Structure formats: structure tokens, C-alpha cells
Amino acid sequence: MSDLGFFTLSLALATTTYSIVGLALGIRKRDGRLLEGGKRAIYASAVFLTLAVVALIYVLLARDFQVEYVASHTSRDLALPYTLSALWAGQEGSLLFWAWVLSIYATAVVLSGRHARNSLSSYSSLVVACALAFFLVLVIFVNNPFQRLDFVPADGLGMNPLLQNPAMIWHPPIVYLGYVGFTVPFALTLAVLISGRLKDPYVPLVRRWTLVSWLCLGVGTVMGAQWAYVELGWGGYWAWDPVENASLLPWLTSTALIHSLMLRRDRGALKVSHIVLVVATFALCIFGTFVTRSGMISSVHAFAVSRIGLYFLAFLIAVIVGSVVLTFRRRSGLKGEDGAESLISRPTALWVTIVLLVAAMAAILLGTLFPLVSDVLNVALTTDYFNLSSAVILGPLILLMGICPFTTWKGGDSRGLARRLLAPLIGALLTAALLLFLGLTDMFGVLAFSVCAFVTVGTLLQFYGGLRSRRASGANPLSAFVSLFRKQRRRYGGFVVHLGIVMITIGVVGSSAYKIEESITLDQGAAHTVGGYTLRYEEFSYLPSVGKDVATATLVVYEGDKQVAVLRPEKHFHHSSQQPVSEVAIRSTLKEDLYVALTGWEDASQRIALEVIVSPLVVWIWIGGGVLLVGAVVALWPARSPEVVEQSTELAMDQLRHSEGTPTGEEGQQ
Amino acid sequence: MKRKYRFLAGGAVIVAVVLLLLLTSMRSSTVYYLTVGELRSQVPEIYGQRVRVAAQVDRDSVDWVLGSSTLSFDLVEGEEVLPVTYEGLVPDAFAQSETVVVEGQYSPNGIFEADTLVVQCPSKYEARVTE
């Protein structure tokens with residue numbers, strides 16, 4: 001089966017190479033049949049890669065330990081879901097998975113190009129095929145997941161116990177969907193540049209692809225944070241580790257990209273700012289992979305250090321140099337940026353948003369790369385640097401989120417803006433007063449929560465305004481609410497995303513500024529109070545389980561006199577690994593989390609040591625992630641409303657106008 | 001022309017913000033990053049300064065006292081040995097780690113008092129399958 005897997009990979013490389021040659025020649029010779037062949041070859045690549053993934057899943061499930069990848073990442077006692085997730089547990093499998101996802105995206109690019117709307121599909125398919133070929137070369141020649149050992153081990157090494165968490169099943173593939181997805185906006189952008197169709201509507205072309213990838217990356221990152229929170233036992237969820245930064249950096253630039261796509265005149269033609277942000281996002285995705293896989297910067301995630309980093313570096317350089325050269329060649333034909341007619345207006349607000357997001361990215365990138373010079377300077381950066389710089393840059397950005405929706409495109413109406421901002425401002429002041437009244441003395445917290453209140457009130461007012469104007473035309477409240485989302489999906493979906501971001505901010509501020517942390521030791525029957533919770537230690541057990549020994553402490557938790565929970569923090573000792581794994585116990589409420597980790601015990605006295613953390617509002621980070629998902633899905637939902645139909649007819653008209661004298665004549669095939 | 005100025009202004013804002021950040025927050029959040037040998041050679045000026053040290057852990061020296069939740073171990077770098085005490089949560093991966101990064105202060109009694117312990121786990125993936 002492993003031979004078959006490798007064989008299908010080779011076939012995939014062959015068909016991908018064929019499609020590159022076919023598309024390149026077809027474009028040059030304007031030969032429709034060559035183009036069609038090239039596109040069909042991409043379908044074939046997707047089919048062969050799917051077979052290769054099936055083959056790898058088969059050898060994993062069959063526990064064919066002669067395959068090195070299987071022996072390195074699974075063992076006989078590994079549960080079925082984790083055996084399946086071993087597909088992306090190691091580098092070889094991850095790369096195969098990456099290539100497979102990319103081939104699916106490539107198929108989608110070709111398919112979406114079959115509608116007359118997108119006449120660029122030959123060019124974009126060519127770019128995606130080149131990226132696919134790169135990954136196939138890596139999978140086949142550098143990191144072959146089907147590599148066989150010259151002996152058959154009795155059992156595999158097993159999966160790192162830290163990876164054995166339900167998040168392992170969802171988090172990596174979702175992040176990959178995001179990373180890989182940005183290949184498509186990148187390919188479409190290059191397609192516009194190569195073909196020279198700079199006047200075509202660019203924004204509708206890339207918006208959906210960008211949103212999907214952005215969504216996957218964002219949700220995947222929040223899921224990763226939650227995984228760290230429940231699994232690593234230190235009560236935190238974000239450590240500014242290079243691997244975490246690697247997913248945050250492209251997320252920041254793609255957020256900037258989404259906002260730059262809203263600035264659209266000239267029917268949303270391609271602008272230099274779009275190119276910069278698309279290329280930056282794609283390059284940062286590759287950069288993240290390079291950083292973590294090359295061992296250039298050490299990370300707690302500790303992927304195997306390998307020469308694969310060099311390939312990614314070469315790819316990264318090719319991407320950047322290629323994009324710069326292409327942009328430079330087309331510089332005269334590119335539309336100028338959308339400026340603002342007056343200082344206080346929507347375009348200005350969007351531009352400031354973009355600048356702040358890019359600045360945040362630059363600051364975090366600098367901090368991430370700083371270890372490269374640490375050895376020379378004998379100086380290192382602490383996480384304070386990241387906390388401080390992101391608070392300073394992202395704080396004003398969140399404030400702006402509350403102001404921007406009230407600005408007008410034309411601007412110049414400062415008085416009106418001030419009047420419209422009155423209600424959010426009152427909301428912020430009331431929140432500040434309430435917090436001070438409740439005894440919050442920390443100015444950072446009061447300020448941050450007030451800003452959050454400002455944005456929340458402002459965003460809810462947008463919904464209220466939309467509802468009121470719909471009710472005025474006679475709709476009942478419910479149908480008015482539904483039609484809000486049906487008629488202006490992107491606008492109101494975007495506001496829902498903003499609310500999600502506010503929730504995440506509230507969670508981050510609450511859990512970082514007001515965290516209570518205490519290390520305690522308890523004798524059996526004794527109790528201790530931390531942050532309003534009294535923990536009484538009832539019993540301790542140390543029992544063998546499947547593949548591991550489990551130490552459990554049972555604690556009864558009281559809030560005042562009332563028993564509110566029984567918590568059982570555990571420590572697992574897997575037989576296949578010397579590393580213990582903490583299974584923390586968490587009592588989660590909307591107000592705060594009580595987080596208890598068992599850190600040690602004495603066998604004789606059964607005395608235990610605990611780490612107790614009270615982390616306010618942390619659950620809002622996960623809720624905010626969910627709200628963000630909902631908002632983005634609303635914005636993405638395929639529309640059938642008059643507004644959008646109108647837009648697509650406009651697009652079709654554009655297409656018609658441009659199709660005269662088209663270089664490839666592809667539309668003729670439709 | 002006007003548009004060009006707008007871009008220059010935008011670019012200047014980015015550069016200014018980033019530079020300002022570099023200067024202010026980097027100054028307040030840097031620590032010395034030294035090897036054990038360098039740490040020793042900078043006595044006594046280094047006492048009381050925040051320092052980060054990365055070195056190998058001597059597995060036989062690891063001791064954890066339940067009552068005080070204090071972890072003590074020796075960092076080894078060639079001939080140099082640096083005794084470390086650490087109070088706080090011990091990462092699970094410490095049990096398997098070879099290299100750790102500690103941050104804290106070097107005290108005149110010769111002990112490095114750490115308040116941050118970062119573990120660089122030897123990846124499971126790096127293990128070779130053997131017969």
C-alpha cells in the first residue's frame with residue numbers, strides 16, 4: 001500500500017507538471033485545447049493526491065510500522081481518532097496534507113473559472129499548479145511519508161501525549177486550510193498582473209477566497225489558544241511563541257487586506273495596496289512554515305529541524321521577487337489608490353485601520369526575528385515587548401472599530417459624526433463609572449473595558465439603525481432582522497465579526513490584568529481559599545489505566561458556603577513517554593474560570609501540591625471566536641438578493657466589454 | 001502629487017510607530033542573554049540584573065520540594081555548573097527536556113533565582129525508530 005501511495009504521488013507530480021506546461025504553452029500559443037488539457041490535468045492531480053492521502057490513512061490504520069512515518073507517530077495502543085490525526089502529526093504527513101488541500105483548492109479555482117465571470121482562470125490555474133508542484137517535489141524527494149524502514153518494528157513510538165487532545169483533530173487542519181487558502185488570492189493577483197487585465201474588477205474575484213482563508217486562520221488560531229489553555233497546564237493561552245506568531249502575522253495582514261477590499265472605486269480594480277497585502281499574507285504563511293521547520297528560531301513547538309527550511313526559504317524568495325518584478329512591470333497600468341476626499345471619512349478610517357494592522361504585524365515580526373541577533377547582542381526580548389507593542393497598536397485599532405461605522409464615505413461632516421458618537425461615548429463613560437464604583441483601580445483595565453463598551457454600543461446601534469429603517473417600511477421585527485442579514489450580508493456580517501473581536505479583547509484583558517495565581521500544598525481534608533473559592537482536598541488516587549498511570553486529586557469547591565463544583569485535576573504518566581501530562585480541571589463560568597492543576601504529591605502522606613488560577617472572563621475568548629465564525633459565515637453566505645444580483649450583472653457586463661480582444665479567447669469555450 | 005504625499009504620510013506613520021515602539025517597549029522589555037560562562041565573568045555588576053540563561057539540565061541534580069513548590073537543578077555548560085532554583089509552575093515537558101531557558105537574577109550566594117522556566121522539548125518527532 002505504501003508503494004501504491006508513493007506511486008500516486010509520482011503520478012500527481014507528473015500530471016501537475018503536464019498542467020504547468022500545457023497552461024504555459026496554451027497561454028503563449030493561445031491554444032484552447034492545450035489550456036483545457038492543462039486544466040483537466042489539475043483535476044487528475046487532485047484525484048491522485050486524494051488517493052495518496054487515502055493510502056497514508058490506510059497504512060496508519062493498518063499500523064504498518066514498516067512505514068517509518070507510521071512507526072514514528074503512532075503505536076498499537078493509540079486511539080482511533082488520534083491514529084487518523086497522525087496524518088498531520090508529523091512533517092511528512094503535514095506536507096502531504098498541505099499538497100492535498102492545495103490540489104482541492106486548485107480544482108476549485110479551475111471550476112470557478114469555468115463560469116464566464118473569471119476569464120483569468122488559465123493564469124491563476126498556472127500559478128496554483130506551480131505552488132502545487134513545489135509541495136509535491138518536497139513530499140516526493142525530501143519528506144516522503146511512505147518511506148519504508150528495512151526492518152519491521154514491533155510497535156511504533158506513539159504520539160506525543162500532548163497531541164492527544166480533541167483539538168489535535170480540528171486545529172491543525174483548520175489552520176492549514178487557512179494557510180493553503182491564501183495561495184488562491186495570491187494566484188489570482190498574479191494572474192491579473194501577468195495577463196495585464198488591470199482594469200477588470202479585482203475585488204469580487206478575491207474577496208470570497210480571502211474571507212474563507214482568513215476565517216480558517218482566525219478560528220484555527222483561537223482553537224490553538226484554547227488547546228494550549230487546557231492542555232499545557234500553565235493557565236495561559238498565548239505565549240508569543242514563534243509558531244503562534246506564525247499564524248497571527250498573516251491573519252493581521254489578511255485582516256488589513258479585507259479592509260482594503262472595501263475601498264473600491266474604479267469598479268474595484270487592482271491596486272498596489274492589494275498586491276502588497278496579498279503577497280505579504282502569502283509570504284508570511286510560507287515564512288511561518290520556514291521559521292518553524294528550519295529551526296532558525298527555536299520554539300516550544302519543536303518540529304523536527306530539517307533542511308526543508310531551505311526549500312521554503314527559496315520558495316519565499318521566489319514569491320517575493322516574482323511579485324515585485326511583475327508589479328514593477330505593470331506599474332504604469334495600475335490604478336492609483338483610493339484616496340479620501342476629506343480627513344474625517346470612511347476611506348481615512350479604513351486606511352488608518354490598514355496602517356495599524358500592518359504596524360502591529362511589523363512589530364510582532366521584529367520581536368519574532370529578534371532571537372536571531374540575541375546571541376550577538378547578548379540581549380533578549382521578553383514577552384513584555386509583545387504585550388506592550390500589541391496593546392499600544394491594537395488598542396487604538398479597537399477604538400477605531402467603534403468610530404469607523406459612523407463615518408461617511410464622503411466625509412467632512414465632523415459635527416454629525418460627533419453627534420452620532422454621543423451614545424457610544426455615554427456607554428463608555430457609564431461603563432468606566434460602573435467599574436470605578438465596583439472598585440476597579442487598574443486604569444488599563446478601566447480604559448480597555450470602556451473602549452470595548454464604546455465599540456459594542458456603536459455596533460449595536462448600527463443594527464438598531466438598520467432595523468428601524470426596515471421596520472419603517474412595514475416589516476415585523478423578526479423579518480426585519482433577517483432581512484438585515486439577507487440584504488446586506490457583508491456589512492452586518494462584518495459587524496458581528498467586530499462584536500466577536502470585542503469579546504476576545506474583553507477575555508484577553510480580563511484574564512491577563514486580573515489573573516490570580518497561587519501555588520498551594522494541601523493535606524488530606526484541609527482547605528484553602530483562592531480568589532473567593534474554597535478548595536477542600538478530599539482524596540487522592542493513583543491508578544493504572546490503558547497505556548498510562550493516572551494520578552487524581554479530588555477537590556470540593558465552595559463559593560462562600562455553597563458547594564459549586566467537584567474538581568479532579570489529574571496527572572497522566574504515559575508508558576510510551578517519560579513526559580507526564582497534566583489534565584487540568586476547570587470550572588468555567590461567564591464571569592471567570594477556576595483552573596486547577598495537580599503539580600505534585602507525596603506518596604506516604606498523600607499531601608498534594610496544586611496550582612490554582614482564577615482567570616476572569618477567559619471564556620469570552622472562545623465565545624468571541626465562535627461569534628467571529630458566525631459573522632464571517634454570514635458575510636460569506638452566497639447571496640441571491642437583488643443587490644448582489646445587480647452587482648454580478650454589472651460584472652458580466654464588464655466581462656463582455658473586456659472579452660473583445662481577449663488574449664486567450666477562453667470565453668469562447670463557455 | 002497630493003496622493004503621493006498621502007502615501008508618504010501613511011508610510012511615515014508606520015515607520016514612526018514601529019520605531020517609537022522599538023525604542024520604548026524594547027528598552028523596557030529586554031534582558032541580558034548570557035551563557036553560564038559570560039554570567040560568571042560579569043560578576044559583580046550582574047547581581048540584581050534580569051538575565052536569561054540557556055543551558056543543559058543535569059538530570060541527576062533535579063530536585064523538587066513539595067512543601068515550598070521549589071524546583072532546584074544545575075545547568076551545565078562545558079565545565080561550568082550553575083545551580084538554579086525556580087519557584088512556580090513546572091512545565092510538564094521539563095521531565096524530558098535537555099535544554100531549558102531560565103530567566104531571573106543571579107544572587108551573590110552563587111545561585112540563580114529564576115522566575116521563568118521555558119522548556120525546549122526534544123521533539124518526539126526527532127526520535128529515530130530503532131530495531
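Everything quoted here is computed from the prediction, not taken from an experiment. Chain letters run A, B, ... following the sequence lines, proteins first and then strands; every chain starts at 1.
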Query - Verdict with reasoning, A/Gln164 to A/His574, per side chain to side chain donor-acceptor pair (under 3.5 Å) - result: CA-CA 11 Å; A/Gln164 295 183 35; A/His574 290 255; 4.7 Å; no

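- Using bins of under 30°, 30° to 60° and over 60° for the plane-to-plane angle, the ring pair A/Phe573/A/Trp601 lands in the perpendicular bin.
- Among A/Ile520, A/Ile608, A/Thr382, A/Leu377, the residue with the largest count of heavy-atom pairs under 4.5 Å with chain B is A/Thr382.
- Every residue two or more places apart in sequence or in another chain that forms a side chain to side chain donor-acceptor pair (under 3.5 Å) with B/Glu103 is listed here: B/Arg50, B/Arg52.
- The number of heavy atoms from other shown groups lying within 6.0 Å of OH (B/Tyr32) does not exceed 12.
- Of the two parts of A/Val379, the backbone and the side chain both hold a non-hydrogen atom closer than 4.5 Å to a non-hydrogen atom of chain B.
- Among the candidates B/Thr30, B/Leu89, B/Leu34, the residue making the largest number of heavy-atom pairs closer than 4.5 Å to chain A is B/Leu89.
- Other residues, nucleotides and ligands place more than 12 heavy atoms under 6.0 Å from the CD atom of B/Glu45.
- Ranked by heavy-atom pairs under 4.5 Å with chain B, the list A/Ser582, A/Ser519, A/Ala597 is led by A/Ser582.
- With respect to chain B, the highest number of heavy-atom pairs below 4.5 Å among A/Val581, A/Asp384, A/Asn378, A/Thr599 belongs to A/Asn378.
- For chain A, no part of B/Val90 is nearby; none of its heavy atoms comes within less than 4.5 Å.
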